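Structure first, commentary second.
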Amino acid sequence: MKSIILCLLSLALTEGLIRVPLVKREEIMKERGLMKELLKYSQYSSNQLYTEDLINQENLAYFGKIGVGSPPQYFYVHFDTGSSTLWVNSVYCKSSACSQHPLFNPDKSHTYHTNNKPFSIHYGTGSVTGVYGYDTITMGNLVVKNQKIGLSKNEPGSHFAKSLHDGLMGLAFMPDDDTIVDTMIKEGLIEEPVFAFYLSGDAQKGSEVVFGGTDPSHYQGQINWVPAQRNSHWQVIFEGFEVNHKPTDWCKSGCTAIVDTGTSMLECPPQYVSSLHEMLGAHKDSSGDYMFECSKVNSLPTLTFVMNGAHLHLPPSAYVLQSHGSQCKSGIKQSHEKYRDGHPYWILGDVFLRHFYSVFDQGRARVGFATLA
């Protein structure tokens with residue numbers, strides 16, 4: 001009887017949520033009949049010492065299917081809390097990066113309109129330019145009307161050519177940029193100005209993002225809340241960092257971090273990355289990557305982030321990328337800034353986020369982390 005009551009309560013709490021399944025690269029390639037291309041790419045990249053590590057790193061990118069326009073044209077986009085623009089590859093794009101992707105054709109959508117305002121975005125690993133338009137976005141049963149969307153015209157370099165995704169959905173805490181969450185709020189489509197991520201390390205187990213609240217079936221215990229800076233990429237301040245449950249003095253005056261689903265790794269301030277790996281017992285290989293003995297992973301130290309009084313523990317199984325060989329690559333790399341706003345700067349990417357249920361609350365300007373169920 002108790003289990004039935006708990007089940008009914010869970011159903012009641014999750015009623016009204018908008019769910020978007022998140023899938024990994026291999027699943028999309030299977031759907032599109034491109035697995036041979038994936039294998040070819042893996043073999044082409046074999047000049048890097050640990051090809052399997054590269055594939056594992058790519059597995060840390062998660063994509064969701066959306067429809068753009070009326071009738072909808074479907075694309076897999078990367079859901080990214082570290083940026084604010086929703087954009088897709090379009091028929092306007094003549095870059096080689098666009099040649100292997102579905103392309104949005106605004107002429108085939110009767111709800112599309114534009115003021116031809118240009119946009120240009122520079123990411124840490126690539127850039128894109130294009131033009132803004134407005135159209136309907138569908139995600140499952142959710143229909144978001146008049147959403148600002150970027151149509152790519154130029155994607156220089158090789159980053160987006162190698163990546164499988166057809167675009168990117170920015171979910172940063174930047175209301176002035178008209179993110180899709182802001183449009184959902186304005187159109188009254190979600191009950192709460194909240195969205196949450198469950199990122200699984202297993203392609204067969206349902207990673208997802210939900211809009212409008214949280215799904216209690218994915219976490220246990222309380223959600224540990226940390227204030228987030230408005231008009232930021234979900235930037236937070238935390239007060240401590242520990243290695244093997246022993247405090248460091250790196251955050252004695254506070255550390256800053258962005259909570260970024262669009263970053264694969266856990267990124268550490270450059271001034272500490274060498275010391276951290278030395279404390280963890282890692283060594284550098286000939287390519288300059290930090291490596292661990294795979295057989296010793298379970299005995300490595302736990303990392304602890306002290307956030308708003310809560311101790312969030314990251315075990316070695318989370319920050320070491322598994323391999324079929326004897327050497328395992330570190331999931332920790334240096335961030336591109338030593339300091340931000342006067343504090344050592346971290347990026348809490350998927351290596352960190354896969355170990356927690358993460359909640360982004362725009363209404364109360366906070367980010368929450370909970371233990372996985």
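Values reported hereafter were calculated over all heavy atoms of this structure, with side chains retained and with hydrogens, waters and symmetry mates removed. Predicted model, so just to flag it, every value in this text is computed and none were measured.
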same_hphob_cluster([X], [Y]) at 4.5 Å side-chain heavy-atom cutoff:
X	Y	result
Val259	Ile347	no
Leu103	Tyr92	yes
Ile185	Val20	yes
Ile180	Leu142	yes
Val243	Tyr290	no

Output, in order, the C-alpha distance, side-chain angles, deciding distance and verdict of side chain to side chain contact (heavy atoms under 4.5 Å, CB included) for Met139 and Met184.
CA-CA 12 Å; Met139 292 185 287; Met184 292 179 193; 3.3 Å; yes
To the nearest 0.5 angstrom, please state how far the [atom1] atom of [X] sits from the [atom2] atom of [Y].
X	Y	atom1	atom2	answer
Leu168	Ser83	CG	OG	4.5 Å
Trp87	Asp166	CH2	CG	9.0 Å
Trp346	Cys255	CH2	SG	6.5 Å
Met291	His277	CE	NE2	10.5 Å
Thr261	Asp80	OG1	CG	5.0 Å
Asp177	Leu86	CG	CG	12.5 Å

Per ring-ring contact (aromatic ring centres under 6.0 Å, His included), Phe238 is matched among Phe352, Phe305, Tyr345 by Phe305
Between [Y] and [X], do the side chains contain a donor N or O and an acceptor N or O under 3.5 Å apart?
X	Y	answer
Asp289	Ser287	no
Thr256	Asp341	no
Gln327	Glu293	yes
Ser95	Asn154	yes
Gln222	Asn224	yes

If we ignore hydrogens and angles and just use 3.5 Å, is the side chain of [X] paired with the main-chain N or O of [Y] as donor and acceptor?
X	Y	result
Thr183	Thr179	yes
His355	Leu314	no
Glu239	Cys251	no
Glu187	Lys145	yes
Thr214	Pro216	no
Thr114	Asn116	yes
Asn308	Trp225	yes
Asp215	Ser217	yes
Thr111	Gly69	no

Are His313 and His245 close enough that their ring centres sit under 6.0 Å apart?
yes
By ring pair (Phe, Tyr, Trp, His ring centres under 6.0 Å) - contacts of Trp250 (at least two apart):
Phe241, Tyr272
Is Lys148 positioned over the aromatic face of Tyr132, cation under 6.0 angstrom from the ring centre and no more than 45 degrees off axis?
yes
Which other residues belong to the hydrophobic cluster containing Met174, where Ile, Leu, Val, Met, Phe, Trp and Tyr are joined when side-chain heavy atoms lie under 4.5 Å apart, directly or via other members?
none
Residue pair Val351, Ile332: steps toward the side chain to side chain contact (heavy atoms under 4.5 Å, CB included) verdict:
CA-CA 8 Å; Val351 163; Ile332 305 168; 5.6 Å; no
Just distance, no hydrogens or angles: give the donor-acceptor pairs under 3.5 Å from side chains in residues 358-373, sequence neighbours left out.
| residue | atom | partner | partner atom | Å |
| --- | --- | --- | --- | --- |
| Asp361 | OD1 | Gly363 | N | 3.0 |
| Asp361 | OD1 | Arg364 | N | 3.1 |
| Asp361 | OD2 | Arg366 | NE | 3.0 |
| Asp361 | OD2 | Arg366 | NH2 | 3.4 |
| Gln362 | NE2 | Asp182 | OD1 | 3.1 |

Close side-chain approach of [X] to [Y], heavy-atom, < 4.5 Å:
X	Y	result
Glu242	Pro247	yes
His113	Asn146	yes
Phe292	Ser330	yes
Leu280	Tyr319	yes
Ile149	Leu151	yes
Phe195	Leu171	yes
Lys329	Asp285	no
Leu348	Leu266	yes

Geometric class of the Trp234/Phe173 ring pair [parallel <30°, tilted 30-60°, perpendicular >60°]
parallel
Shortest non-hydrogen contact from [X] toward [Y]:
X	Y	answer
Asn231	Pro175	OD1-CD, 3.6 Å
Leu321	Gly331	CG-CA, 4.0 Å
Pro316	Thr302	CD-OG1, 4.2 Å
Cys98	Asn89	SG-OD1, 3.7 Å
Ser335	Glu337	OG-O, 3.0 Å
Gly212	Ile190	CA-CB, 3.8 Å

Count the heavy atoms belonging to other residues, nucleotides or ligands that lie under 6.0 Å from CG of Asn141, then report whether that count exceeds 12.
no
More than 12 heavy atoms of other residues, nucleotides or ligands under 6.0 Å from CG of Asn115: is that the case?
yes
Where do His343 and Gln235 land on the side chain to side chain contact (heavy atoms under 4.5 Å, CB included) test, with the steps shown first?
CA-CA 12 Å; His343 302 287; Gln235 184 168 309; over 6 Å; no
For the pair Phe63 and Tyr76, evaluate ring-ring contact (aromatic ring centres under 6.0 Å, His included) and give the outcome as yes or no after the intermediate values.
CA-CA 6 Å; Phe63 307 90; Tyr76 281 102; 7.6 Å; no
CA sep, side-chain torsions, deciding dist, call: Tyr123, Val128, side chain to side chain contact (heavy atoms under 4.5 Å, CB included):
CA-CA 8 Å; Tyr123 301 100; Val128 59; 4.0 Å; yes
